Amino acid sequence: MKVVIVGGVAGGATAAARIRRLEEQAEIVVFERSGFISYANCGLPYYIGGVIENPEELTLQTPESFFSRFRVNMKVRHEVTAIHPDKKTVSVTNLETGDVFEESYDKLILSPGAKPTQPRLPGVGLDRLFTLRTVEDTFRIKEYIDQNHPKSAVLAGGGFISLELAENLRELGMEVTIVQRPKQLMNPFDPDIASFIHSEMRRHGVKLALGHTVEGFEEKNGGVDVLLKDEAPLHADMVVLAIGVSPDTHLAQEAGLELGIKGSIVVNDRMETSVPDIYAVGDAVQVKHFVTGQDVLLSLAGPANKQGRIAADNICGGDSHYMGSQGSSVIKVFDMTAASTGVNETNAKKAGLDVDTVVLSPMSHAGYYPGGKVMTMKVVFEKETYRLLGAQIVGYEGVDKRIDVLATAIRAGLKATELKDLDLAYAPPYSSAKDPVNMAGFMIENIAGGVLKQWHLADVGNLPRDGSVTLLDTRTVEEFAHGHIDGFTNIPVDELRERLGELDKSKPVYVICQSGLRSYIACRILAGNGFECYNFSGGFRFYDAVMNDRCLIESATACGMDK
């Protein structure tokens with residue numbers, strides 16, 4: 001059996017190694033048009049910033065080491081230019097010599113990945129305009145910085161690469177501005193959780209120009225002007241386009257393979273394309289979202305590697321199936337960690353799901369043990385069924401392990417109420433006896449049992465201010481004086497039982513505190529005394545962070561707060 005693989009990075013290299021482990025006699029040829037194989041895309045920004053000092057550490061394997069271990073012919077600087085399914089051959093160009101030849105196959109795996117989205121805008125192609133996708137791109141940017149010592153950069157786009165690159169350029173002492181059309185960074189997160197990411201970026205000197213449309217680029221004054229719609233240009237010494245990626249599927253299209261979203265390759269759960277004996281994996285393929293069941297594109301290393309293994313299994317006579325992508329991801333944002341899994345509230349509603357959420361602010365470990373830090377956790381679940389749909393967490397330690405627990409719970413089909421039952425490891429330096437994941441489960445169980453009724457950030461503007469409801473802030477007098485929502489009356493929770501006479505039992509009470517805990521206790525006191533009570537999800541800390549961020553983005557003068 002002869003297997004030809006197009007693309008030798010994540011999915012392609014994984015498939016090649018797996019085939020060899022299963023079939024010692026198979027002939028395996030991999031064509032990679034760049035000069036590198038099996039490299040770590042996610043590490044590229046950290047080489048630019050000097051965190052990774054040795055460029056050889058960016059590549060997990062070389063063609064020589066791969067051949068020595070697996071006897072796989074890794075042909076770098078070779079570009080496949082056409083697929084001929086009728087003849088079961090591919091046309092290949094040796095980019096070093098210009099030689100063109102055909103290579104036959106019994107099985108073909110397409111792992112071409114994705115390419116940086118290149119907008120059709122004036123000025124694209126300027127010398128000071130860069131993209132970051134390959135090792136060669138990285139060397140180009142690194143060389144430019146080392147030789148020219150730019151003092152400023154504009155990054156167009158607000159995804160993973162842009163944020164990681166922003167951090168590394170700031171560490172080099174550069175002024176950095178991120179500009180993009182959406183009014184938030186990192187679309188896996190809901191806008192409210194993204195506000196914490198925005199705050200961390202600003203805290204480290206990154207300027208955010210959100211909600212602005214880039215219309216082109218011009219060389220000016222020894223740098224580049226980024227032209228914005230209805231706004232003054234942004235000037236910088238260099239610009240990096242990081243506005244996303246598109247499936248690199250022109251070969252598949254020309255060969256007549258069925259295509260899906262944004263020209264991606266349609267595959268079944270065995271990673272088989274519409275053409276016999278041709279498989280496809282990685283960023284170029286359309287997959288099912290594990291939570292919603294909808295067709296999606298998710299450019300992440302984990303799924304690409306799993307898909308490569310599945311394709312290899314099936315080529316070698318196995319019966320492996322890809323069960324869908326969940327979108328689990330984590331990113332370092334300066335000192336902060338931000339992570340997500342499943343679907344966020346925004347996308348769940350777009351998918352037609354009837355959802356609810358809980359927002360909590362637990363400590364990363366036991367409060368009495370030194371060094372604990374607050375994290376913000378948002379868990380999304382389906383009403384009525386309590387199916388666990390997704391989660392987002394931002395914080396400074398312990399974020400990654402909690403998101404992995406939640407990702408596993410989603411994959412296992414646990415209900416959100418069952419999070420309370422998870423038996424998780426505890427010691428004071430690492431967690432609390434009631435782990436944050438358990439706490440989310442306790443809160444959702446309270447909702448399911450009618451013990452907890454919530455109101456959310458989206459309800460703030462709709463709360464009646466005509467006296468028909470009671471608006472109650474249960475923080476201390478000092479906390480209330482420091483900042484509160486207009487129209488709220490302050491009664492500290494520890495004084496509430498003695499001051500119940502100040503409240504009208506015929507009116508529903510909407511309660512808020514700093515994190516949601518004291519207001520929950522207040523609601524239990526009120527409910528026990530005949531009041532109808534609703535607790536604010538997330539607390540004033542959450543409200544304050546989100547509203548401050550919105551004001552900064554909108555440059556609004558009225559932000560609904562008395563400070």
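Basis for what follows: all heavy atoms, side chains included, without hydrogens, waters or symmetry-related copies. Values in this document were obtained by computation on a predicted structure and should not be read as measured data.
Heavy-atom minimum distance, M377 versus I393: CE-CD1, 3.9 Å. Scanning both residues, V287 and S325, for their nearest heavy atoms gives CG2-OG, 3.5 Å. In plain terms, the two heavy atoms of Y534 and P508 that are nearest each other are CE1-CB, 4.2 Å. When all heavy atoms of I310 and S320 are compared, the closest pair comes out as CG2-O, 3.5 Å.
Remark: side-chain polar atoms of R465 are paired, donor with acceptor, to backbone N or O of D486 under 3.5 angstrom. For S515 (side chain) and G539 (main-chain N/O), no donor-acceptor pair under 3.5 Å exists by modelled atom type. Judged by distance alone, with hydrogens and angles left aside, the side-chain atoms of N438 form no donor-acceptor pair with the main-chain N or O of K434 at under 3.5 Å. Without hydrogens or angle criteria, D549 side chain to S199 main chain gives no donor-acceptor distance under 3.5 Å. Side-chain atoms of S162 do not come within 3.5 Å of backbone N or O of G159 as any donor-acceptor pair. A donor-acceptor contact shorter than 3.5 Å links the side chain of H198 to the backbone of L185. Between the side chain of N344 and the main chain of G390, no donor-acceptor pair closer than 3.5 Å is present.
Residue pairs satisfying the salt bridge (Lys or Arg N to Asp or Glu O under 4.0 Å) criterion with at least one member in residues 379-401, sequence neighbours excluded, are listed as follows: D354-K383, E382-R387. Evaluation of the ring pair (Phe, Tyr, Trp, His ring centres under 6.0 Å) test over residues 320-362, restricted to residues two or more places apart or in two chains, returns H204-F334. Among residue pairs with one or both ends in residues 362-387, those qualifying as ring pair (Phe, Tyr, Trp, His ring centres under 6.0 Å) are H365-Y369, F381-Y386; sequence neighbours excluded. The disulfide bond (SG atoms under 2.5 Å apart) pairs that include a residue from residues 404-514 number zero, where partners must be two or more places apart or lie in different chains. For the salt bridge (Lys or Arg N to Asp or Glu O under 4.0 Å) condition, no pair includes a residue of residues 451-461, sequence neighbours left out. Residue pairs satisfying the disulfide bond (SG atoms under 2.5 Å apart) criterion with at least one member in residues 345-377, sequence neighbours excluded, are absent.
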task: List the steps, then state whether side-chain contact (heavy atoms from CB on, under 4.5 Å) holds for L526 with L500.
output: CA-CA 8 Å; L526 291 167; L500 287 175; 3.6 Å; yes
query: L241 and V214: side-chain contact (heavy atoms from CB on, under 4.5 Å), yes or no, with the steps?
result: CA-CA 11 Å; L241 292 179; V214 176; over 6 Å; no
message: Walk me through whether R402 and D435 qualify under salt bridge (charged side-chain N to carboxylate O under 4.0 Å, His left out).
response: CA-CA 9 Å; R402 271 66 185 224; D435 187 86; 3.0 Å; yes
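Applying the salt bridge (charged side-chain N to carboxylate O under 4.0 Å, His left out) test to K420 and every residue at least two apart in sequence or in another chain returns E445. For V245, the side chain to side chain contact (heavy atoms under 4.5 Å, CB included) criterion is met by A114, R133, S299, not counting sequence neighbours. The side chain to side chain contact (heavy atoms under 4.5 Å, CB included) search around S264 returns P247, I261, Q286, L297, not counting sequence neighbours. Residues passing the salt bridge (charged side-chain N to carboxylate O under 4.0 Å, His left out) test with K183, sequence neighbours excluded: E554. Judged as a ring-ring contact (aromatic ring centres under 6.0 Å, His included), and not counting sequence neighbours, F531 has no contacts. Taking R203 as the reference, E200, D335 meet the salt bridge (charged side-chain N to carboxylate O under 4.0 Å, His left out) condition, with sequence neighbours excluded.
Side-chain contact annotation: N314 with E272, donor-acceptor N/O pair under 3.5 Å absent. Side-chain contact, T341 with R411: no donor N or O sits under 3.5 Å from an acceptor N or O.
Remark: of the listed residues D494, T474, L496, N535, T474 is the sole one forming a side-chain contact (heavy atoms from CB on, under 4.5 Å) with R518.
Counting heavy-atom neighbours within 6.0 Å of K262 NZ, excluding the residue itself, gives a total of 12 or less.
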